[in-house]
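Both backbone and side-chain heavy atoms feed into the values below; hydrogens, waters and symmetry mates do not.
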Amino acid sequence: MLSHHNVLANIDAIAQVFWIGESDRIIGVLPFFHSFGFTVTVWFPIVMGCGVAYHPNPTDGKSIGALVLKYGGTFLLSTPTFCANYVRSARRRSSPRCDS
């Protein structure tokens, strides 16, 4: 069990590694019952003042890719297995900056 102090210390540590601003959007796919999902996708956006969009199923890569596109997600934190699934199943969006 995490104390309030533990949660705030974790938020502070995350903020030192990932510089999140008001214009950022976190995509929340980790379950809230997990301490990391609870800290990073619930409390971190509240404390940092950024937006967040949630999806209840971290294995649904296609829908998560659509969620990132719809809400302009800039930060997606997940497990390596889930991330590999997202890369395989999400459609690639063409960007003028990436075209040659």
Side-chain angles (χ1 to χ4, degrees):
M1 182 177 294
L2 296 175
S3 69
H4 292 96
H5 178 74
N6 292 137
V7 172
L8 289 173
N10 288 342
I11 290 168
D12 183 53
I14 294 165
Q16 291 178 31
V17 175
F18 301 108
W19 296 6
I20 301 291
E22 291 179 9
S23 63
D24 286 302
R25 299 291 172 262
I26 294 175
I27 303 300
V29 297
L30 298 173
F32 297 159
F33 64 79
H34 189 279
S35 62
F36 200 62
F38 178 72
T39 303
V40 173
T41 64
V42 175
W43 287 108
F44 184 61
I46 292 170
V47 170
M48 298 307 294
C50 67
V52 62
Y54 296 105
H55 189 69
N57 183 357
T59 64
D60 185 7
K62 186 175 181 180
S63 295
I64 291 169
L67 191 71
V68 169
L69 185 60
K70 180 178 180 179
Y71 292 100
T74 57
F75 186 76
L76 171 72
L77 187 66
S78 188
T79 65
T81 303
F82 291 150
C83 286
N85 179 38
Y86 306 152
V87 170
R88 282 192 308 272
S89 58
R91 287 189 352 202
R92 184 177 201 164
R93 182 178 95 170
S94 64
S95 171
R97 292 176 282 159
C98 297
D99 294 337
S100 45

Determine whether [X] and [Y] fall in the same hydrophobic cluster, where Ile, Leu, Val, Met, Phe, Trp and Tyr are linked whenever their side-chain heavy atoms lie under 4.5 Å apart.
{"X": "Ile11", "Y": "Ile46", "value": "yes"}
{"X": "Leu76", "Y": "Val42", "value": "no"}
{"X": "Phe33", "Y": "Val29", "value": "no"}
{"X": "Tyr71", "Y": "Leu30", "value": "no"}

_Distance check, rounded to the nearest 0.5 Å: Lys70 atom NZ versus Ile27 atom CD1?_
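If we round to the nearest 0.5 Å, Lys70:NZ and Ile27:CD1 are 11.0 Å apart.
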_From OG (Ser78) to CD1 (Ile64), nearest 0.5 Å_ =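 It is 7.0 Å, given to the nearest 0.5 Å.
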Least distance between heavy atoms, [X] atom then [Y] atom:
{"X": "Ile14", "Y": "Thr39", "value": "CD1-CG2, 4.1 Å"}
{"X": "Ser89", "Y": "Asn85", "value": "OG-O, 2.7 Å"}
{"X": "Ile20", "Y": "Cys50", "value": "CG2-SG, 3.6 Å"}
{"X": "Arg25", "Y": "Val52", "value": "CD-N, 4.5 Å"}
{"X": "Pro45", "Y": "Ile26", "value": "CG-CD1, 3.8 Å"}

*Assign the ring pair Phe82 / Tyr86 to parallel, tilted or perpendicular, where the plane angle (0 to 90°) is split at 30° and 60°.*
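Taking Tyr86 first and then Phe82, their aromatic rings lie parallel (interplane angle under 30°).
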*asked:* Once you measure the plane-to-plane angle for Phe32 and Tyr54, does it fall in the parallel (<30°), tilted (30-60°) or perpendicular (>60°) bin?
replied: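 Geometry flag for Tyr54 against Phe32: perpendicular rings.
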Side chains of [X] and [Y] in contact at under 4.5 Å (non-hydrogen atoms):
{"X": "Leu2", "Y": "Asn10", "value": "yes"}
{"X": "Phe36", "Y": "Leu77", "value": "yes"}
{"X": "Trp43", "Y": "Val7", "value": "yes"}

